[in-house]
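Just so you know, these numbers use all the heavy atoms, side chains as well, and skip hydrogens, waters and symmetry mates. In the text below, chain A, chain B and the rest are named by the order of the sequence lines, each starting its count at 1.
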There are 2 protein chains.
Amino acid sequence: MARKPADQAVNRQDILLAAADVFRRKGFHGAKMADIAAEVDLTAGSLYHHFPGGKQQILHEVLANGLDIVTEKVRAIIEDTTLAPAERFRRAIYAHVVSLTANVSVAAALVFETRTILEDDIERESYLARRDRFEALYQRVIEDGIETGVFRTVDVPIFSKALLGAQNWLGVWYRDGGRLTGEQIANEMAEFFLNALLIC
Amino acid sequence: MARKPADQAVNRQDILLAAADVFRRKGFHGAKMADIAAEVDLTAGSLYHHFPGGKQQILHEVLANGLDIVTEKVRAIIEDTTLAPAERFRRAIYAHVVSLTANVSVAAALVFETRTILEDDIERESYLARRDRFEALYQRVIEDGIETGVFRTVDVPIFSKALLGAQNWLGVWYRDGGRLTGEQIANEMAEFFLNALLIC
DNA sequence: TATATAATCAAATCATGATTTGATTAATTG
DNA sequence: CAATTAATCAAATCATGATTTGATTATATA
């Protein structure tokens, strides 16, 4: 029967992480299959064994996985209605930022390569849906806060784009081992945006 | 002597704008010289007459020009010490955002292709310097506000990255003809970030 | 251990696209 | 209008890199 994967054989996840890293450094179009393969000690051709769909499929899985992981964390917080809107908002930002900094390469791919995947008509639909679903989470909690009277009356779509921009930008500048940890940065950012909304 | 450029001949600026647009849609690596050429009714080879340095040079000029134009607008405001820090901060954001929305393609290039130009060792140095100079402008006015006691004591580098992220992100989502004008968005964003800083 | 299947590789294929080259066609200026 | 330089083009070059193909090697299970 089918053999169980050997311990030393590379698995899909290794390849996806390696790919995210190469994408961060060179961009999707600039990344060679050989570059990705080299990161996991394979040759370019071997990658097709794991991802028959080639480079495009690899990108798709990097982005879809990455977004899903963050979405799930944020969703759990936003939908916890036992907490006040301000607290849900704060915790969501914190979790989100920590998640991005914990995995800069994927965060960077989410920033830089979303455009690439949207070029592909097949992926386009499903990816846009994923993204809208995510953005809606933040919009919901902001609206809750406004209705409750604890948040200023801001333009919610614009505010959420500003927030997401600030967060996504981490994928551009954050590096492990910098002056602040991901958690410290997450705290700061949650503070910033909460102050922007709170009526004092 | 040298001939004066004919009226109907394409000029460098046309090409740079066309290039920025193609870069926005396909990314630097995905953009073909032929794509850029087609936008101005030329063939790929003809572009080398205007830009002997090829695609790389075109990217360099798009980014350097784009950044310089925005920098100059923001600089004039930040350095106008007849205004209070809060007012300088507000006007700088406004001018910056209006400038980005007035030229989405260049704004998008500044977001997506900075990484590309940084790969090039020659450009790297000069471009990083430009960018630091720009970021320093915002940091200065924020520090002024803190020292004056009108702004909260935030972590200035992190705050400015959050701000720049929110602004740069416009290059990703803003499109002409949307629900709000560039000016309206600029106002909103200035409000957001001012509220994040102001001690009420 | 024998066999089936997974993993992998090296060497083709195939396409694509940047850049160069050698004319050819304007437009300017004396 | 002749001479000169600018703009442009079509057709080579040249390189690069994704993907395919046909073995080869490793490992698990019967």
Check your understanding: What's the CG-P distance between B:Leu47 and C:dA18, to the nearest Å?
Key -> 10 Å
Check your understanding: Atom CZ of B:Phe51 and atom P of D:dT8: how far apart are they, to the nearest Å?
Key -> 12 Å
Exercise for review: Determine the interplanar angle of the A:Phe151 and A:Phe89 rings, folded into 0 to 90°, and report it as parallel if under 30°, tilted if 30 to 60°, perpendicular if over 60°.
Suggested key: perpendicular
Point to revise | Whole-Å distance separating the OH atom of B:Tyr48 from the P atom of D:dC9 | key: 14 Å
Check your understanding: Quick one: do the B:Gln57 and B:Glu61 side chains pair a donor with an acceptor below 3.5 Å?
Key -> yes
Exercise for review: Would you indicate what B:Asp41 reaches in the nucleic acid, counting non-hydrogen atoms under 4.0 angstrom: base, sugar-phosphate, or nothing?
Suggested key: sugar-phosphate
Review point. Rounded to whole angstroms, how far apart are CD1 on B:Ile36 and P on C:dA18?
Key: 8 Å
Revision key, fill the gap. A:Asp35 atom CG is separated from D:dT16 atom P, nearest whole Å, by 13 Å
Review point. Does A:His49 make a side-chain N or O approach to OP1 or OP2 of C:dT8 shorter than 4.0 Å?
Key: no
Exercise for review: Would you classify A:Gly54 as touching base, sugar-phosphate or nothing, given that sugar-phosphate means primed atoms plus P, OP1 and OP2, and contacts are heavy atoms under 4.0 Å?
Suggested key: sugar-phosphate
Exercise for review: Mind calculating the distance between NE2 (A:His29) and C1' (C:dA18) to the nearest angstrom?
Suggested key: 16 Å
Review point. For the side chain of A:Lys32, counting heavy atoms from C-beta on, which of D:dG17, D:dT8, C:dA18 is nearest?
Key: D:dG17
Revision key, fill the gap. Closest heavy-atom pair, A:Phe23 versus B:Arg115, reported as atoms and distance to 0.1 Å, is O-NH1, 3.0 Å
Exercise for review: Could you check which of C:dT8, C:dT20, D:dA18 has an atom nearest any side-chain atom of A:Leu42?
Suggested key: C:dT8
Review point. Among D:dT8, C:dT19, C:dA7, which is the nearest nucleotide to the side chain of B:Lys55?
Key: C:dT19
Review point. Considering only D:dT19, C:dC9, C:dT8, which nucleotide approaches the side chain of A:Thr43 most closely?
Key: C:dC9
Review point. Contact class for A:Ala31 (heavy atom, under 4.0 Å): base, sugar-phosphate, or nothing?
Key: sugar-phosphate
Check your understanding: Does the gap between the ring centers of B:His60 and B:Phe51 come in under 6.0 Å?
Key -> no
Exercise for review: Given salt bridge (charged side-chain N to carboxylate O under 4.0 Å, His left out), test A:Arg88 with A:Asp144 step by step and report yes or no.
Suggested key: CA-CA 10 Å; A:Arg88 280 185 279 152; A:Asp144 281 359; 3.4 Å; yes
Point to revise | Nucleotide D:dA10, atom C1' - distance to CE of B:Met33 in whole Å | key: 16 Å
